[in-house]
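Just so you know, ligand 1 is whichever comes first in the structure, and atom 1 is the first atom listed for that ligand. Everything quoted here is computed from the prediction, not taken from an experiment.
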Amino acid sequence: MEPYQATHYSQRIEHVLEACLPTEDRAPARLHEAMRYAALSPGKRMRPRLVYAAATALGVPLSRVDGAAAAIELIHAYSLVHDDLPAMDDDDLRRGRPTTHKAFDDATAILAGDALQALAFEIVATHAGLDDAPAARVAVIRRLGRAVGSRGMVGGQALDIAFEGQTGVTVEDLETVHNLKTGALLSAAVMMAAAAADDLSSDVAECLEIFAARIGLAFQVRDDVLDIESTTEQLGKQQGADIAHDKATYPALLGLDEAKALADRLYTEATAALDILGDRADDLRALAAEIVKRDR
Ligand code: GRG
(Lines give C-alpha, C1' and ligand atoms only; values in the text may rest on other atoms or scores of the structure.)
Protein backbone atom coordinates (compact mmCIF):
# COMPACT_ATOMS: atom_id res chain seq x y z
CA MET A 1 0.00 0.00 0.00
CA GLU A 2 1.31 3.43 -0.91
CA PRO A 3 1.23 5.75 2.11
CA TYR A 4 -1.13 8.61 1.40
CA GLN A 5 1.40 11.22 2.45
CA ALA A 6 4.48 9.47 1.00
CA THR A 7 5.11 12.03 -1.73
CA HIS A 8 4.39 14.89 0.60
CA TYR A 9 6.93 13.63 3.18
CA SER A 10 9.58 13.00 0.52
CA GLN A 11 9.19 16.42 -1.05
CA ARG A 12 9.10 18.12 2.31
CA ILE A 13 12.38 16.62 3.50
CA GLU A 14 14.14 17.52 0.23
CA HIS A 15 13.16 21.18 0.75
CA VAL A 16 14.19 21.19 4.41
CA LEU A 17 17.55 19.54 3.64
CA GLU A 18 18.21 21.88 0.71
CA ALA A 19 17.53 24.89 2.93
CA CYS A 20 19.74 23.80 5.83
CA LEU A 21 22.86 22.65 3.95
CA PRO A 22 25.48 25.35 3.33
CA THR A 23 25.89 26.17 -0.37
CA GLU A 24 29.10 25.76 -2.40
CA ASP A 25 29.43 29.53 -2.87
CA ARG A 26 30.42 29.79 0.80
CA ALA A 27 33.93 28.85 1.98
CA PRO A 28 35.11 26.18 2.38
CA ALA A 29 33.49 25.50 -0.99
CA ARG A 30 34.83 21.97 -1.54
CA LEU A 31 33.74 20.83 1.92
CA HIS A 32 30.25 22.27 1.39
CA GLU A 33 30.10 20.62 -2.02
CA ALA A 34 30.99 17.25 -0.47
CA MET A 35 28.38 17.68 2.29
CA ARG A 36 25.68 18.40 -0.27
CA TYR A 37 26.86 15.54 -2.49
CA ALA A 38 26.56 13.10 0.42
CA ALA A 39 23.31 14.38 1.93
CA LEU A 40 21.28 15.24 -1.17
CA SER A 41 22.11 12.12 -3.20
CA PRO A 42 19.07 9.95 -3.93
CA GLY A 43 18.48 7.88 -0.78
CA LYS A 44 15.14 6.55 0.35
CA ARG A 45 14.86 9.14 3.18
CA MET A 46 13.37 6.38 5.32
CA ARG A 47 14.33 7.98 8.64
CA PRO A 48 12.86 11.47 8.04
CA ARG A 49 9.76 9.85 6.54
CA LEU A 50 9.44 7.85 9.77
CA VAL A 51 9.73 11.09 11.76
CA TYR A 52 6.89 12.64 9.74
CA ALA A 53 4.71 9.52 9.82
CA ALA A 54 5.13 9.21 13.60
CA ALA A 55 4.30 12.92 14.01
CA THR A 56 1.14 12.40 11.94
CA ALA A 57 0.16 9.41 14.10
CA LEU A 58 0.50 11.57 17.21
CA GLY A 59 -1.15 14.70 15.81
CA VAL A 60 2.11 16.68 15.96
CA PRO A 61 2.35 19.37 13.22
CA LEU A 62 5.07 18.49 10.70
CA SER A 63 6.61 21.95 11.07
CA ARG A 64 7.45 20.97 14.65
CA VAL A 65 9.58 18.00 13.53
CA ASP A 66 11.23 19.39 10.38
CA GLY A 67 14.44 19.96 12.38
CA ALA A 68 14.42 16.41 13.73
CA ALA A 69 13.70 15.00 10.26
CA ALA A 70 16.60 16.89 8.69
CA ALA A 71 18.96 16.12 11.56
CA ILE A 72 18.40 12.38 11.40
CA GLU A 73 18.98 12.26 7.64
CA LEU A 74 22.19 14.30 8.02
CA ILE A 75 23.43 11.89 10.69
CA HIS A 76 22.55 8.95 8.46
CA ALA A 77 24.39 10.57 5.52
CA TYR A 78 27.46 11.12 7.71
CA SER A 79 27.42 7.48 8.82
CA LEU A 80 27.31 6.27 5.21
CA VAL A 81 30.21 8.54 4.20
CA HIS A 82 32.38 7.26 7.04
CA ASP A 83 31.26 3.63 6.63
CA ASP A 84 32.35 3.72 2.95
CA LEU A 85 35.89 4.96 3.74
CA PRO A 86 38.90 2.71 3.07
CA ALA A 87 39.42 2.30 6.84
CA MET A 88 35.94 0.79 7.16
CA ASP A 89 34.06 -0.94 4.30
CA ASP A 90 36.12 0.62 1.49
CA ASP A 91 33.20 0.93 -0.92
CA ASP A 92 33.21 2.69 -4.29
CA LEU A 93 29.48 2.93 -4.90
CA ARG A 94 26.69 4.42 -2.81
CA ARG A 95 23.20 5.39 -3.95
CA GLY A 96 24.24 4.55 -7.49
CA ARG A 97 27.07 7.08 -7.46
CA PRO A 98 30.76 7.12 -6.52
CA THR A 99 31.12 7.22 -2.73
CA THR A 100 32.06 10.62 -1.28
CA HIS A 101 35.75 9.77 -0.79
CA LYS A 102 35.90 8.57 -4.42
CA ALA A 103 34.17 11.67 -5.77
CA PHE A 104 36.34 13.95 -3.57
CA ASP A 105 39.17 12.48 -1.43
CA ASP A 106 39.49 10.70 1.93
CA ALA A 107 40.23 13.80 4.00
CA THR A 108 37.31 15.74 2.51
CA ALA A 109 34.98 12.78 3.10
CA ILE A 110 36.04 12.50 6.76
CA LEU A 111 35.52 16.23 7.27
CA ALA A 112 32.20 16.24 5.40
CA GLY A 113 30.95 13.46 7.70
CA ASP A 114 32.13 15.35 10.77
CA ALA A 115 30.48 18.55 9.60
CA LEU A 116 27.20 16.81 8.71
CA GLN A 117 27.02 15.42 12.23
CA ALA A 118 27.69 18.84 13.79
CA LEU A 119 25.13 20.47 11.49
CA ALA A 120 22.50 17.91 12.53
CA PHE A 121 22.79 18.93 16.19
CA GLU A 122 22.89 22.64 15.31
CA ILE A 123 19.65 22.28 13.34
CA VAL A 124 17.77 20.39 15.99
CA ALA A 125 18.95 22.91 18.60
CA THR A 126 17.87 25.96 16.60
CA HIS A 127 15.03 24.98 14.27
CA ALA A 128 12.11 27.38 14.70
CA GLY A 129 9.51 24.57 14.90
CA LEU A 130 10.38 23.92 18.56
CA ASP A 131 10.98 27.55 19.61
CA ASP A 132 7.86 27.44 21.79
CA ALA A 133 8.75 24.09 23.41
CA PRO A 134 12.23 24.22 24.96
CA ALA A 135 11.71 21.08 27.07
CA ALA A 136 10.60 19.09 24.02
CA ARG A 137 13.63 20.39 22.13
CA VAL A 138 15.98 19.11 24.84
CA ALA A 139 14.18 15.74 24.82
CA VAL A 140 14.59 15.51 21.03
CA ILE A 141 18.30 16.37 21.22
CA ARG A 142 18.82 13.84 24.00
CA ARG A 143 17.14 11.10 21.93
CA LEU A 144 19.31 11.87 18.95
CA GLY A 145 22.57 12.10 20.89
CA ARG A 146 21.94 8.83 22.66
CA ALA A 147 21.04 7.02 19.42
CA VAL A 148 24.11 8.20 17.54
CA GLY A 149 26.96 7.70 20.01
CA SER A 150 28.84 4.79 21.55
CA ARG A 151 25.64 3.40 23.13
CA GLY A 152 23.93 3.52 19.74
CA MET A 153 24.99 3.66 16.09
CA VAL A 154 28.74 4.22 16.56
CA GLY A 155 28.85 1.52 19.26
CA GLY A 156 27.10 -0.89 16.87
CA GLN A 157 29.60 -0.10 14.15
CA ALA A 158 32.48 -0.78 16.57
CA LEU A 159 30.99 -4.18 17.51
CA ASP A 160 30.32 -5.00 13.86
CA ILE A 161 33.98 -4.38 13.01
CA ALA A 162 35.10 -6.42 16.04
CA PHE A 163 32.96 -9.39 14.88
CA GLU A 164 34.27 -9.33 11.29
CA GLY A 165 35.92 -12.62 10.38
CA GLN A 166 35.18 -14.09 13.84
CA THR A 167 33.73 -17.55 14.23
CA GLY A 168 31.14 -18.24 16.89
CA VAL A 169 29.08 -15.08 16.39
CA THR A 170 25.58 -15.88 17.66
CA VAL A 171 22.16 -14.61 16.62
CA GLU A 172 22.07 -12.71 19.94
CA ASP A 173 25.39 -11.00 19.07
CA LEU A 174 23.99 -10.07 15.69
CA GLU A 175 20.84 -8.68 17.25
CA THR A 176 22.91 -6.52 19.60
CA VAL A 177 24.99 -5.16 16.71
CA HIS A 178 21.99 -4.33 14.58
CA ASN A 179 19.84 -2.94 17.38
CA LEU A 180 22.67 -0.47 17.94
CA LYS A 181 24.03 0.12 14.46
CA THR A 182 20.77 0.42 12.53
CA GLY A 183 17.93 0.11 15.03
CA ALA A 184 18.97 2.97 17.30
CA LEU A 185 18.64 5.58 14.57
CA LEU A 186 15.37 4.18 13.22
CA SER A 187 13.98 4.12 16.76
CA ALA A 188 15.16 7.67 17.30
CA ALA A 189 13.23 8.73 14.19
CA VAL A 190 9.97 7.54 15.77
CA MET A 191 10.80 8.58 19.33
CA MET A 192 11.96 12.11 18.39
CA ALA A 193 8.47 12.70 17.00
CA ALA A 194 7.10 11.32 20.29
CA ALA A 195 9.40 13.66 22.23
CA ALA A 196 7.97 16.59 20.25
CA ALA A 197 4.39 15.66 21.25
CA ASP A 198 2.79 17.64 24.06
CA ASP A 199 0.89 15.07 26.07
CA LEU A 200 2.05 11.59 25.19
CA SER A 201 0.64 8.81 27.37
CA SER A 202 3.07 6.21 28.67
CA ASP A 203 1.00 3.49 26.92
CA VAL A 204 1.43 5.10 23.52
CA ALA A 205 5.14 5.79 24.18
CA GLU A 206 5.66 2.13 25.09
CA CYS A 207 3.87 0.89 21.96
CA LEU A 208 5.91 3.22 19.77
CA GLU A 209 9.13 1.93 21.37
CA ILE A 210 8.07 -1.62 20.51
CA PHE A 211 7.12 -0.63 16.95
CA ALA A 212 10.43 1.19 16.45
CA ALA A 213 12.56 -1.63 17.86
CA ARG A 214 10.87 -4.32 15.75
CA ILE A 215 10.93 -2.31 12.56
CA GLY A 216 14.57 -1.31 13.14
CA LEU A 217 15.60 -4.95 13.31
CA ALA A 218 13.35 -5.90 10.37
CA PHE A 219 15.11 -3.21 8.32
CA GLN A 220 18.45 -4.85 8.96
CA VAL A 221 17.23 -8.40 8.31
CA ARG A 222 15.83 -7.19 4.97
CA ASP A 223 19.17 -5.46 4.27
CA ASP A 224 21.00 -8.75 4.80
CA VAL A 225 18.55 -10.60 2.52
CA LEU A 226 18.95 -7.94 -0.20
CA ASP A 227 22.73 -8.27 -0.01
CA ILE A 228 22.22 -11.82 -1.29
CA GLU A 229 19.14 -11.55 -3.51
CA SER A 230 19.42 -8.14 -5.14
CA THR A 231 21.82 -6.70 -7.70
CA THR A 232 24.45 -3.95 -7.49
CA GLU A 233 22.41 -1.93 -9.98
CA GLN A 234 19.21 -2.20 -7.97
CA LEU A 235 20.89 -1.53 -4.62
CA GLY A 236 23.04 1.35 -5.83
CA LYS A 237 25.87 -0.21 -3.80
CA GLN A 238 27.97 -3.35 -4.11
CA GLN A 239 25.83 -6.49 -3.83
CA GLY A 240 27.47 -9.36 -1.91
CA ALA A 241 29.53 -6.98 0.24
CA ASP A 242 28.61 -8.78 3.48
CA ILE A 243 30.01 -12.08 2.24
CA ALA A 244 33.09 -10.32 0.81
CA HIS A 245 33.74 -8.75 4.24
CA ASP A 246 33.10 -12.05 5.99
CA LYS A 247 30.28 -10.49 8.02
CA ALA A 248 27.89 -12.44 10.18
CA THR A 249 24.40 -11.87 8.75
CA TYR A 250 20.93 -13.26 9.43
CA PRO A 251 20.86 -15.40 6.25
CA ALA A 252 24.34 -16.73 7.12
CA LEU A 253 23.29 -17.68 10.66
CA LEU A 254 19.65 -18.67 10.08
CA GLY A 255 19.44 -19.53 6.38
CA LEU A 256 17.70 -17.36 3.79
CA ASP A 257 14.16 -18.67 4.32
CA GLU A 258 14.31 -18.33 8.11
CA ALA A 259 15.75 -14.81 7.77
CA LYS A 260 12.80 -13.86 5.56
CA ALA A 261 10.37 -15.44 8.03
CA LEU A 262 12.03 -13.43 10.83
CA ALA A 263 11.52 -10.18 8.89
CA ASP A 264 7.83 -11.07 8.43
CA ARG A 265 7.45 -11.87 12.14
CA LEU A 266 9.07 -8.60 13.17
CA TYR A 267 6.78 -6.73 10.77
CA THR A 268 3.70 -8.40 12.27
CA GLU A 269 4.82 -7.55 15.81
CA ALA A 270 5.67 -3.99 14.81
CA THR A 271 2.31 -3.28 13.22
CA ALA A 272 0.41 -4.98 16.07
CA ALA A 273 2.02 -2.45 18.42
CA LEU A 274 0.34 0.35 16.43
CA ASP A 275 -3.20 -0.87 17.15
CA ILE A 276 -3.50 1.58 20.03
CA LEU A 277 -3.20 4.48 17.55
CA GLY A 278 -5.94 3.35 15.14
CA ASP A 279 -6.10 4.85 11.62
CA ARG A 280 -3.81 7.73 12.54
CA ALA A 281 -0.88 5.30 12.29
CA ASP A 282 -1.63 4.23 8.69
CA ASP A 283 1.45 6.02 7.33
CA LEU A 284 3.64 4.25 9.89
CA ARG A 285 2.07 0.93 8.84
CA ALA A 286 2.75 1.71 5.19
CA LEU A 287 6.38 2.59 5.95
CA ALA A 288 6.79 -0.62 7.94
CA ALA A 289 5.51 -2.58 4.93
CA GLU A 290 7.92 -0.71 2.67
CA ILE A 291 10.82 -1.55 4.99
CA VAL A 292 10.24 -5.31 4.90
CA LYS A 293 9.27 -5.49 1.21
CA ARG A 294 11.79 -3.01 -0.25
CA ASP A 295 14.05 -4.13 -3.07
CA ARG A 296 16.82 -1.55 -2.59
C1 GRG B 1 30.57 4.84 10.36
C2 GRG B 1 29.81 5.95 12.49
C3 GRG B 1 29.58 4.99 11.44
C4 GRG B 1 28.45 4.28 11.47
C5 GRG B 1 28.09 3.40 10.39
C6 GRG B 1 24.75 3.07 9.39
C7 GRG B 1 26.10 2.53 9.42
C8 GRG B 1 26.83 2.69 10.69
C9 GRG B 1 26.69 1.97 8.36
C10 GRG B 1 26.04 1.83 7.06
C11 GRG B 1 26.37 0.50 6.51
C12 GRG B 1 25.19 -0.35 6.33
C13 GRG B 1 25.02 -0.90 4.96
C14 GRG B 1 24.35 -0.58 7.31
C15 GRG B 1 23.20 -1.43 7.13
C16 GRG B 1 21.86 -0.76 7.15
C17 GRG B 1 21.86 0.57 6.55
C18 GRG B 1 22.03 1.68 7.47
C19 GRG B 1 21.66 0.70 5.24
C20 GRG B 1 21.58 1.98 4.54
O21 GRG B 1 20.40 2.66 4.86
P22 GRG B 1 19.28 2.95 3.77
O23 GRG B 1 18.92 1.69 3.05
O24 GRG B 1 20.10 3.89 2.78
O25 GRG B 1 18.17 3.70 4.42
P26 GRG B 1 19.60 5.09 1.83
O27 GRG B 1 20.74 5.24 0.85
O28 GRG B 1 18.32 4.72 1.17
O29 GRG B 1 19.47 6.29 2.71
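Side-chain contact, D173 with T170: a donor N or O sits under 3.5 Å from an acceptor N or O. There is no side-chain donor-acceptor pair under 3.5 Å between D283 and Y52.
Checking side-chain atoms of T232 against main-chain N and O of Q239 turns up a donor-acceptor pair under 3.5 Å.
Here salt bridge (charged side-chain N to carboxylate O under 4.0 Å, His left out) pairs that include residues 26-44, with residues two or more places apart or in two chains, are E18-R36, E24-R36, R30-D105.
Under the ring pair (Phe, Tyr, Trp, His ring centres under 6.0 Å) criterion, H178 pairs with Y250, sequence neighbours left out. Shown here are the ring pair (Phe, Tyr, Trp, His ring centres under 6.0 Å) partners of Y78, two or more places apart in sequence or in another chain: H82.
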List below, pair by pair, the N or O atoms of ligand 1 and of the protein that are less than 3.5 Å apart, including the distance to 0.1 Å; reply 'none' if no pair qualifies.
residue  : atom   : partner : partner atom : Å
ligand 1 : 21 (O) : R47     : NH2          : 3.3
ligand 1 : 23 (O) : K44     : NZ           : 2.6
ligand 1 : 24 (O) : H76     : NE2          : 3.4
ligand 1 : 25 (O) : R47     : NH1          : 2.8
ligand 1 : 25 (O) : R47     : NH2          : 3.4
ligand 1 : 27 (O) : R95     : NE           : 2.8
ligand 1 : 28 (O) : K44     : N            : 2.9
ligand 1 : 28 (O) : K44     : NZ           : 2.8
ligand 1 : 29 (O) : H76     : NE2          : 2.7
ligand 1 : 29 (O) : R95     : NH2          : 2.7

